[in-house]
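Report on one structure; see the data block that follows.
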Amino acid sequence: MQEEFLKACRREEVEFTPVWLMRQAGRFLPEYMSIRSNHSFLEMCKTPDLATQVTLQPVDRFGMDAAILFADILLPLEGMGIDLEFAKDEGPVIHNPVRSQKDVDALKIMDAEEATPYVMEAVRQLRHELVGKVPLIGFSGAPFTLASYIIEGGGSKTYLNCKRMMYAAPTVWHALMQKISEVILRYLKAQIKAGAQAVQVFDSWVGCLAPDDYKEYVLPYSKYVMDGLKDQGVPVIHFANNGSTLLEMVKQAGGDVIGLDWRCELDSAWQRLGYDVAVQGNLDPFALFAPPAVIEGKVKRILAQAAKRPGHIFNLGHGIHKETPLEHVQVLVDAVHKYSRLSLSQLLED
Ligand code: CP3
């Protein structure tokens, strides 16, 4: 197996910098859209053959250095008793949002194999398909991000209901976060048991919080998940989107690799974190709409900032946009592979 991704997660020396892209298994790929035209998104997630096929698409097309399981962060919520739908052009909708202690009490903490057998089956199939290729990343949402969907009933611009519960009904908030954290931990352990070789925890919306609120209302729960994964033998990537102001606390919560969005400079962010963790990132996903020469320049700049320290995984600062030109993705992957083989002085000269 091509090991550069796992080596970088462990901060070992690599021949070249590994690259994969968040949301790489998705709608910017014509081969994804062709399957999607015959199936709903949830159907695809719940059919291991289809999830397997779609997971492999970006690896086969572009030569990504890791595969990420095709699934969604909201899938484990169904087993808790949440009524989830992916409405056309609207994204996820939850028909029974949680707003009270009674609602929290009704949520189930279920066995992950029982609640999401199709996810574990897809992981097992993928490991089989990926023999001799690249490692498989499993994933979950982080406690805050899942709580935000559960409380709001979908995406939100203000997180009003979520923050109202946090501030005005902290007992309910803490009870909910405790339940979600347990579900996440069990879900990730089950993926690892099924064969996931690394896992990423996505805290996609946590950047809406003030640092002191992150510390009080979120950090203990993200830490509970991270602590519970420490003895599982696989690297854990912790990504807090829009979290430049939270980095030190994100590290404190835990993770072998800290994800960086594009709103920070990789070099100063890594310095703040300390070099005893690996980092992943951090190109603006919309930089892929620039011409190839500009993309290459930006790749070199990020690689120069990583400065050949062990422990850098190249990625976008968030998920790839569905209108991204395919050729530009190939430009990016090839540039990372080519320029990361240069010495630092060559990289700076070039
Ligand atoms: O990274 C990958 O390629 C693996 C697959 C993956 C998906 N969702 C597939 C997906 C992963 C890792 C996710 C995680 C996810 N899901 C996150 C965290 C990552 C992030 O971007 O911050 C979040 C917040 C979700 C929730 C979610 N799922 C939303 C908001 C949406 C709608 C997005 C939109 O732009 O419409 C989804 C749907 C979804 N998840 C799609 C895919 C490929 C599109 C479904 C379709 O085909 O219509």
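Start at 1 and go down the list; that is how both ligands and their atoms are numbered.
A salt bridge between Arg186 and Glu182 is present, with a side-chain N of the basic residue lying under 4.0 Å from a carboxylate O of the acidic one.
Checked against ring pair (Phe, Tyr, Trp, His ring centres under 6.0 Å), Tyr224 has no partners two or more places apart in sequence or in another chain. Under the rule for a salt bridge (Lys or Arg N to Asp or Glu O under 4.0 Å), Lys163 has no partner lying at least two apart in sequence or in another chain.
With 3.5 Å as the limit, one finds no donor-acceptor pair spanning the side chains of Asp49 and Thr52.
Tyr32 has its ring centre no less than 6.0 Å from the ring centre of Phe41.
Among protein residues, Met22, Arg23, Gln24, Ala25, Gly26, Arg27, Tyr32, Arg36, Phe41, Ile68, Leu69, Phe70, Ala71, Asp72, Ile73, Phe86, Gly91, Pro92, Phe139, Tyr149, Phe202, Ser204, Trp205, His318 come within 4.0 Å of ligand 1, judged on heavy atoms.
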Please list, one pair per line, the donor and acceptor atoms closer than 3.5 Å that link side chains of residues 211-223 to other protein atoms, with sequence neighbours excluded.
{"unit_1": "Asp213", "atom_1": "OD2", "unit_2": "Tyr167", "atom_2": "OH", "d": "2.5"}
{"unit_1": "Tyr221", "atom_1": "OH", "unit_2": "His174", "atom_2": "ND1", "d": "2.6"}
{"unit_1": "Lys223", "atom_1": "NZ", "unit_2": "Asp227", "atom_2": "OD2", "d": "2.8"}

